[in-house]
Structures are given as structure tokens and as C-alpha cells.
Protein chains: 2
Amino acid sequence: METIDNHNIYADADIERAARCLKAMSHPLRLKILCVLGTEAISVQDIVEKVGTSQSNISQHLSILREKDILGFKKDANRVFYYIDDPRMLKLIEMMREIFCAECK
Amino acid sequence: METIDNHNIYADADIERAARCLKAMSHPLRLKILCVLGTEAISVQDIVEKVGTSQSNISQHLSILREKDILGFKKDANRVFYYIDDPRMLKLIEMMREIFCAECK
DNA sequence: GCTATTGTTTAGCGTTTTCTAATGTACAAT
DNA sequence: ATTGTACATTAGAAAACGCTAAACAATAGC
């Protein structure tokens, strides 16, 4: 019966935010997009080739990641280059690699 | 044109596995369950109280986490105690807290 | 035996996700 | 101008999700 309910260590707002972030990464294609991006800025066309699905499909997934402020982009003439804009996401990607790829070498 | 296609650094199997894991965590209630569990084994009833939704709903989410081998459980008389069984998941939870709760203090 | 407690499962329904296919838009090159 | 390239958007259908409510199962206590 404290002033602040400490039976709940985790703020629901943090949980919601984290869950939304995880959800964005939780699709194989989106996760792969994030992995191939890493710290680079890559054009949609190149992403399509590296990830391997239709251009329309990639575009839709990019739009999802864009809406959640995970990706940024810059246009250059005909092309659009996407990059990971959220530093937390970069950390997460790195950690995911450590955790899920450590034993598979 | 190497023997192993290195235009693709990330094995699709790893991606799939990681994505499945992320998906399991990507629901607010499930994430919260994992957070309150931490390294402990907690009964369903206690989880219900700490997480805050119906018992049936918690049970369903527990079942999802169980199916994906993220949670283990042991029965004791009337109760069932759940715990995080996958060490990778524990790491992930820890990292999530660092990333999403670091700046919010 | 009953009754309460603890937990799981099923059914059903509305919502969300994710894909394919088609269309639209903008710039480039000729 | 028209043709090609790069990308976004829309529409629509199938599947997956997530909830409430209800039924079910197992143990505990009387």
C-alpha cells in the first residue's frame, strides 16, 4: 500500500512501447529488412533483392517500419534509401544476432 | 559467387526462429508476463494478479508461451508454477529493460 | 459425498495481419 | 512525348489473433 504501487515494477507505458517495437520486428521479412539494413542506407530495389519477395510486399513492410519511426529515408532522384533511424532498434538487432546466431556457427 | 552465398549474411532459419521468438514477446500481456516472471517461478493466480486481466486470458497467453518453449511449468498440488525456460528469453528481457526503461527514470 | 479453488480448453466473433494483383506516381532517358 | 525504372498505394481475400463467456478437469477441504 505504498504511494506508488510497487507490486508492479514495470510501467505499463514502457511495456506497451516495448511491445509495439517488438511487434514491428516480429515478422520474418521485417526482421530481415532490419538485419540487411544494419547501419547502412539501402535503396528499396536493393532491399528487395537481398530480402527476397515482391517489391510491393517490401514496400508495405517498409511503410510499417516507417510509421513506427523505426526507419528513416532519403530520396535521391529516382530512388529511396531507407535506414534504421531508431538507435534502440540498432541495439536490439545487434543483441538479436548475439542471442540467436551465437551457437549456430 | 562463393560456395556459400554471402550476399545474405543472415541465415533464414535464424531469422525465422528469432522472429517467432519476438512475436511471442510482442503482445503487451505476454511481455508483461515475461517481465513479472523474470527468474522466478510464479503461480498462475499470482501472474493474474500482477499482470491484470482475466484468468482465462492469462491461461491462453501462457499456453502460447508454453507452446513456443519459452515457458516451463511445474505443478504443485492445486497450482501450476510457470517460469522462463529459455535462457535466451531471459537475456532478451534484460536487454529490453535496459533499452526501453533506461531513459525513463 | 459436496463445494471451493485453481487452472485449462473450447466456441464464437470481431479485429488485425499479410499476401497478391492491380493501379498510381514520379523521375529518367531517349 | 513516350517508354522504362523505381517506388507507393489500394483493394480484396485468406489467415491469424485476441477477447469474452462458458464448459471442463483436477485437487483441497469440509
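Residue numbers start from 1 in every chain, and the chains themselves are labelled A, B, ... in the order their sequence lines are given, proteins ahead of strands.
- Computed from coordinates, the N78(A) CG to dG24(C) P distance equals 19 Å when rounded to whole Å.
- OP1 or OP2 of dT8(C) has at least one side-chain nitrogen or oxygen of Y82(B) nearer than 4.0 Å.
- Note: CG (D46(B)) to P (dT6(C)) measures 10 Å, nearest angstrom.
- Interface residues of residues 55-68 of chain A facing DNA chain C, ordered by number: S56(A), N57(A), Q60(A), H61(A); criterion, heavy-atom separation under 4.0 Å.
- Bounding nucleotides for the chain B contact on DNA chain D, 5' to 3', at a heavy-atom distance below 4.0 Å, are dA16(D) to dA28(D).
- We find the CG-CG distance between D85(B) and L37(B) to be 11.5 Å, quoted to the nearest 0.5 Å.
- Put simply, L34(B) and L90(B) are part of the same group of oily side chains (I, L, V, M, F, W, Y) that touch within less than 4.5 Å, one to the next.
- Put simply, CD1 on I15(B) and CG on L29(A) are 9.5 Å apart, with the number rounded to the nearest 0.5 Å.
- Along DNA chain D, the nucleotide closest to L29(B) and the one closest to D76(B) are compared, and the more 5′ of them pairs with L29(B).
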Please lay out, stage by stage, how V48(A) and N57(A) fare under the test side chain to side chain contact (heavy atoms under 4.5 Å, CB included).
CA-CA 9 Å; V48(A) 168; N57(A) 197 7; over 6 Å; no
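- In this structure, the separation between NZ on K68(A) and CE on M25(A) is 12.0 Å, given to the nearest 0.5 Å.
- Between D46(A) and I42(A) the shortest heavy-atom distance is CB-CG2, 3.3 Å.
- Taking atom CZ on F81(A) and atom C1' on dC27(C), their separation rounds to 14 Å, with Å as the unit.
- For S54(A), the listed nucleotide lying nearest its side chain is dT20(C); candidates were dT20(C), dG7(C), dA28(C).
- Side-chain heavy atoms closer than 4.5 Å link hydrophobic residues (I, L, V, M, F, W, Y) into clusters, and following such links, even through other members, never connects L92(A) to I64(A).
- Note: CZ (R79(A)) to P (dA29(C)) measures 11 Å, nearest angstrom.
- Remark: D69(A) pairs with no residue by the side chain to side chain donor-acceptor pair (under 3.5 Å) rule, at least two apart or across chains.
- The distance between atom CD of E49(B) and atom C1' of dT6(C), rounded to the nearest whole Å, is 12 Å.
- Per the geometry, NZ belonging to K75(A) stands 12 Å off P belonging to dA28(C), to the nearest Å.
- Between R17(B) and D14(B) there is a salt bridge, since at least one side-chain N of the basic residue sits less than 4.0 Å from a carboxylate O of the acidic one.
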